[in-house]
Amino acid sequence: MARHLYRCPLRWSDMDAFGHVNNVVFIRYLEEARIDFMFRLAPGEGSDSFTGGSVVARHEIDYKLPLVHRHEPVLIESWVSRIGAASLTIGYEVKDEATEDAPETVYVRAETVVVPYNLAEGRPRRITAEERHFLEKYLDEPATPAGKSKVKAKAAEGRLVA
């Protein structure tokens, strides 16, 4: 399992009146990481993969801790948690990595459902074999659903008896 790593700079304008990154700004951070993942790392020179358009069908965000402005970028790990015929789900963690002096700090866990879209025809399209091959390299477990502990999430899926 591989994860895409994106270091996202924090901007002074990302802060709100309460002195932390505004909740809406996190969606922009996720977009930056997703675009970097899907377009910059898309397979092959001259490949049409992921270039025909896509739309976001859904976001789910679990805010864990406030993030305040600093000069160091925040790390966004992205991976694919589900691949369907005509959609995929990307999981994310916005965090600081563990160091000798501090444990890992997770600010946000999130998921985005992305639907490939044919702009010329004005409708969704299926994921191509080339795209699926690329996405499978990043396939991993879903992010914990917002508001649920891992135990509750597994129990809801019928995999755990409480």
Side-chain angles (χ1 to χ4, degrees), residues 1-42 50-51 53-84 86-117 124 127 131 134-162:
M1 171 272 323
R3 290 202 174 183
H4 175 259
L5 304 179
Y6 178 75
R7 299 204 183 276
C8 186
L10 306 179
R11 294 162 290 269
W12 183 254
S13 62
D14 294 346
M15 309 316 266
D16 62 18
F18 301 109
H20 54 75
V21 172
N22 185 277
N23 64 305
V24 173
V25 173
F26 279 101
I27 293 176
R28 290 186 195 121
Y29 291 170
L30 301 179
E31 176 185 54
E32 288 182 34
R34 183 175 63 254
I35 296 302
D36 189 68
F37 172 56
M38 292 180 68
F39 290 92
R40 191 174 64 81
L41 295 180
F50 304 115
T51 59
S54 62
V55 294
V56 170
R58 183 173 173 274
H59 286 298
E60 183 172 346
I61 301 175
D62 190 3
Y63 299 95
K64 305 303 252 174
L65 291 170
L67 176 61
V68 297
H69 184 267
R70 80 274 178 104
H71 295 290
E72 300 82 32
V74 68
L75 176 66
I76 303 175
E77 284 190 10
S78 305
W79 64 94
V80 177
S81 60
R82 190 187 71 75
I83 305 170
S87 69
L88 63 126
T89 303
I90 299 175
Y92 314 85
E93 283 187 341
V94 179
K95 64 186 185 177
D96 291 327
E97 294 176 287
T99 65
E100 287 185 18
D101 301 326
E104 175 181 88
T105 304
V106 176
Y107 301 102
V108 163
R109 285 195 178 97
E111 288 188 333
T112 300
V113 176
V114 177
V115 176
Y117 200 78
I127 293 172
E131 291 166 342
F134 169 75
L135 294 169
E136 286 173 346
K137 296 175 191 173
Y138 293 91
L139 198 56
D140 197 6
E141 294 291 316
T144 302
K148 295 183 182 179
S149 71
K150 288 185 180 183
V151 172
K152 287 181 184 176
K154 288 182 180 180
E157 295 170 3
R159 297 191 314 218
L160 181 71
V161 177

Nearest 0.5 Å, what's the CG-CD distance between D62 and E93?
10.5 Å
Criterion side chain to side chain contact (heavy atoms under 4.5 Å, CB included) on M38 and V114, from CA distance to verdict
CA-CA 11 Å; M38 292 180 68; V114 177; 4.1 Å; yes
Selection residues 63-84 - residue pairs positive for ring-ring contact (aromatic ring centres under 6.0 Å, His included), sequence neighbours left out:
W12-H69, F26-Y63, H69-H71
Rounded to the nearest 0.5 Å, what's the gap from OG on S54 to CD1 on I35? Could you check?
6.0 Å
For Y92, which residues count as a side chain to side chain donor-acceptor pair (under 3.5 Å) partner, sequence neighbours excluded?
R34, T112
Distance from L88 atom CG to I127 atom CD1, nearest 0.5 Å?
5.0 Å
If you define the side chain from C-beta out and look only at heavy atoms, does anything of I90 sit under 4.5 Å from H4?
no
Please name all residues satisfying salt bridge (Lys or Arg N to Asp or Glu O under 4.0 Å) with K137, sequence neighbours left out, ordered by chain then number.
none
Rounding to 0.5 Å, atoms OG1 (T89) and CZ (R58) come to a distance of 8.0 Å
Just say parallel, tilted or perpendicular for the rings of Y138 and F37, cut-offs at 30° and 60°.
perpendicular
So which atom in S81 and which in P142 form the shortest heavy-atom distance, rounded to 0.1 Å?
CB-CA, 3.5 Å
Are the side chains of V21 and Y29 in contact, using a 4.5 Å heavy-atom criterion?
yes
Sorted by first residue and then second, give each salt bridge (Lys or Arg N to Asp or Glu O under 4.0 Å) pair with at least one member in residues 73-82; sequence neighbours left out.
R3-E77, E77-K95
Identify, with sequence neighbours excluded, every residue that meets side chain to side chain contact (heavy atoms under 4.5 Å, CB included) alongside A57.
V113, V115
With a 4.5 Å cut-off on side-chain heavy atoms, are N23 and I61 touching?
no
Contacts of L139 meeting side chain to side chain contact (heavy atoms under 4.5 Å, CB included) (sequence neighbours excluded), chain-then-number -> V80, I83
Residue among L75, L65, I76 satisfying side chain to side chain contact (heavy atoms under 4.5 Å, CB included) with V94
I76
Are L67 and H20 side-chain neighbours, meaning at least one heavy-atom pair lies under 4.5 Å?
no
Tell me the salt bridge (Lys or Arg N to Asp or Glu O under 4.0 Å) pairs involving residues 7-22, sequence neighbours left out?
R7-E97, R11-D14, R11-E32
